[in-house]
Amino acid sequence: MKEVRTRFAPSPTGYMHIGNLRTALYGYLYAKKQGGKFILRLEDTDSKRYVEDAVQIIYDTLRDAGIEYDEGPDVGGEYGPYIQSQRAEIYQAYAKKLVELGGAYYCFCDKERLESLKDENGVGRYDKHCLHLSKEEVEAKLAAGVPYVIRQNIPAEGSGTYEDLVYGTVTVDYKDIEDGVLLKSDGLPTYNFANVIDDHLMGITHVIRGSEYLSSTPKYNLMYDAFGWKRPAYIHLPPIMKNSHEKLSKRNGDASYQDLVAKGYIKQAIINYIALLGWSPKSNQEKMTLDELKENFSLSGLNKSPSIFDEPKLRWLSGEYIREMSAEEFAALAMPFLQKSKAYGKYPEEKLLKMVQPRVEVLEEIPSKLDFLEEYGPFDPALYFNKKMKSDAEIAKKVLPAAREVLAGLENFENAALYEALVALAQREGMKNGQVLWCVRIALTGRENTPGGASEMAELLGKERCLQRIDAALAALNG
RNA sequence: GGCCCCGUGGUCAAGCGGUCAAGACAUCGCCCUUUCACGGCGGUAACACGAGUUCGAUUCUCGUCGGGGUCACCA
């Protein structure tokens, strides 16, 4: 059997959208699963839409996400060039050949005539006017330098059918397809033409793309047939939606891959999550590395209905990845975010990191989880109240002075020692552990919730700050 | 509007004629616990609707409704 070759063919018009990335991912996964090749090709035939950094963003995103292409503009390959704007002569030659084969024809109609074909709603189809030009007339106009395009000659009757690997049999009547432009007057091909020529020339066996091409695929097949080429297998993918009726798009300000990374979602989690949008593994295991995805990917798991991008689930997955990281891995990723916290530089880094690792799902949450350390100030004494701990402000008044004494006399200011000392205090006073622990933690932080208990907070703050804060808390209570 | 496609809980998503209709996220409750988080356990929650076909339909067919896509010298 022939080697599987898939391709990702983005148009460099801006950022990498989640949907595009998923298309690339599936193409990559499928090729790798089959032991084949994955190719990157740039479809930049629309000079008007070209965006400067877009090409670099495509390279960077793919690389960053771990999606490696075997052939492409910046890595080479034997089917290059992989940038369509550099293949103009190729398309022109094939366009002429298609004209000879009867699959296309020259069209000299000007904009006005084309406009006149449309009704008041701007809807109207080309009427094959130039198809009926004689060979001599065409030669004459060509020789006279009349601007032209080459149009595909769609049969007036009949229909085209193909088997999509996810959608099944798709049929479209030829009468519903227009004689589209294949070669523009600027000499560059339209997508409709370039993708067919390139996919064939580059040996693409499986075309994986968005479902927006579902109903235009029959016209591509017409070209494959006219040239006598083997049609590729088609795998159309349902869109990723923002909600039930809007597609996810950068234009609407929806998150792109780089936006998500910037927020601190773990890359593997993003890839893992988007793999799950529209595809489901045979097993119930959802958390998978890229390698595991490669191993488990199969077309039969592809879904044909649109899926909505659900950030909460991405968050969860991201959190799963964070929790399983080593302290070193986490530190490397978390540092830029930690530096944005008010607590940065004022407390031991490792302690801060250790405290936060099991409590964040997205790295950008780090500052807000730690800032409170530097925001200590007057607080509502009602915080001392906790039903389950059987604690309140009155208890605090009794606990705090004693706790201060204990802390002040403590040599070893480490979590375990602190905990032991505080619990011993509770015993001595005939109180519940929680009464002491709760009051101390509140006095130390002024917060109902903190990323650690009383002893952990005390260790982090250090003896000096602990004593200061307890004094302040006591003063407020008695004042 | 024509044509193409889609329709299982709030979301993702198994299912492929006979199931008490999986699982995950979210949500709610309980447990664990020095608060929170983590972790453990459990609950609420779905086959869009209507006709067929069939002994039997979430699964097959048709229609309705709903949604998406496409009708460019954009991809």
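Naming: A, B, ... by sequence-line order, numbering from 1 per chain. The basis for the numbers below is simple: all heavy atoms, side chains too, and nothing from hydrogens, waters or symmetry mates.
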Student: Tell whether A:Ser455 reaches the base of B:U34 with its side chain through a donor-acceptor pair below 3.5 angstrom.
Tutor: yes
Student: Under 3.5 Å, which donor-acceptor pairs do the side chains of residues 171-178 of chain A form with other protein atoms, sequence neighbours left out?
Tutor:
from	atom 1	to	atom 2	distance (Å)
A:Thr171	OG1	A:Thr161	OG1	2.9
A:Glu178	OE2	A:Tyr126	N	2.7

Student: Kindly state each residue pair satisfying salt bridge (charged side-chain N to carboxylate O under 4.0 Å, His left out) with at least one member in residues 436-457 of chain A, sequence neighbours excluded.
Tutor: A:Glu375-A:Arg447
Student: Could you measure between the two P atoms, the one in B:A22 and the one in B:U35, and give it in whole Å?
Tutor: 36 Å
Student: Check the pair A:Arg323 / A:Glu361 against salt bridge (Lys or Arg N to Asp or Glu O under 4.0 Å), numbers first and verdict last.
Tutor: CA-CA 9 Å; A:Arg323 276 171 239 130; A:Glu361 296 182 309; 3.8 Å; yes
Student: When you compare B:C6 with B:A48, how far apart are their C1' atoms, in angstrom units rounded to a whole number?
Tutor: 13 Å
Student: Filter on salt bridge (charged side-chain N to carboxylate O under 4.0 Å, His left out), then keep only pairs touching residues 146-165 of chain A, sequence neighbours left out; what's left?
Tutor: none
Student: How about A:Asn195 and A:Tyr213: does a side-chain donor come under 3.5 Å of a side-chain acceptor?
Tutor: no
Student: Residues of residues 434-451 of chain A with any non-hydrogen atom less than 4.0 angstrom from an atom of RNA chain B: list those, numerically ordered, please.
Tutor: A:Leu437, A:Trp438, A:Arg441, A:Glu448, A:Asn449, A:Thr450, A:Pro451
Student: Is the phosphate of B:A75, meaning OP1 or OP2, less than 4.0 Å from a side-chain N or O of A:Lys184?
Tutor: yes
Student: For nucleotides 26-32 of chain B, just jot down a letter per nucleotide in 5' to 3' order: B, S or -, based on protein non-hydrogen atoms under 4.0 Å.
Tutor: -------
Student: Determine which pairs satisfy salt bridge (charged side-chain N to carboxylate O under 4.0 Å, His left out) with at least one residue from residues 272-287 of chain A, sequence neighbours left out, and list them in order.
Tutor: A:Glu286-A:Lys313, A:Lys287-A:Glu324
Student: What are the residues of residues 264-287 of chain A, sorted by number, that bring a heavy atom to within less than 4.0 Å of RNA chain B?
Tutor: A:Leu276, A:Leu277, A:Gly278, A:Ser280, A:Asn284, A:Glu286
Student: Give a yes/no verdict on base stacking between B:C5 and A:Tyr167: centres under 5.5 Å, planes within less than 30° of parallel.
Tutor: no
Student: According to side chain to side chain contact (heavy atoms under 4.5 Å, CB included), who are the partners of A:Asp127, at least two apart in sequence or on a separate chain?
Tutor: A:Arg113, A:Leu117, A:His129
Student: Which protein N or O atoms sit under 3.5 Å from an N or O of nucleotides 66-69 of chain B?
Tutor:
from	atom 1	to	atom 2	distance (Å)
B:G67	O2'	A:Ser244	O	3.0
B:G68	OP1	A:His245	O	3.0

Student: Mark yes or no for a side-chain to base donor-acceptor pair under 3.5 Å between A:Arg323 and B:C38, with no hydrogen or angle criteria applied.
Tutor: no
Student: Which residues satisfy the side chain to side chain donor-acceptor pair (under 3.5 Å) test with A:Asp198, sequence neighbours excluded?
Tutor: A:Gln84, A:Arg87, A:Tyr91
Student: Go through residues 81-92 of chain A and report each residue with a non-hydrogen atom lying under 4.0 Å from RNA chain B, sorted by number.
Tutor: none
Student: For the P atoms, the ones on B:C16 and on B:C60, what distance do you get once it is rounded to whole angstrom?
Tutor: 11 Å
Student: Show me the side-chain donor-acceptor pairs of residues 414-437 of chain A shorter than 3.5 Å, one per line, residues at least two apart or across chains.
Tutor:
from	atom 1	to	atom 2	distance (Å)
A:Asn415	OD1	A:Ser455	OG	2.5
A:Gln435	OE1	A:Lys432	N	2.9
A:Gln435	NE2	A:Lys390	O	2.7

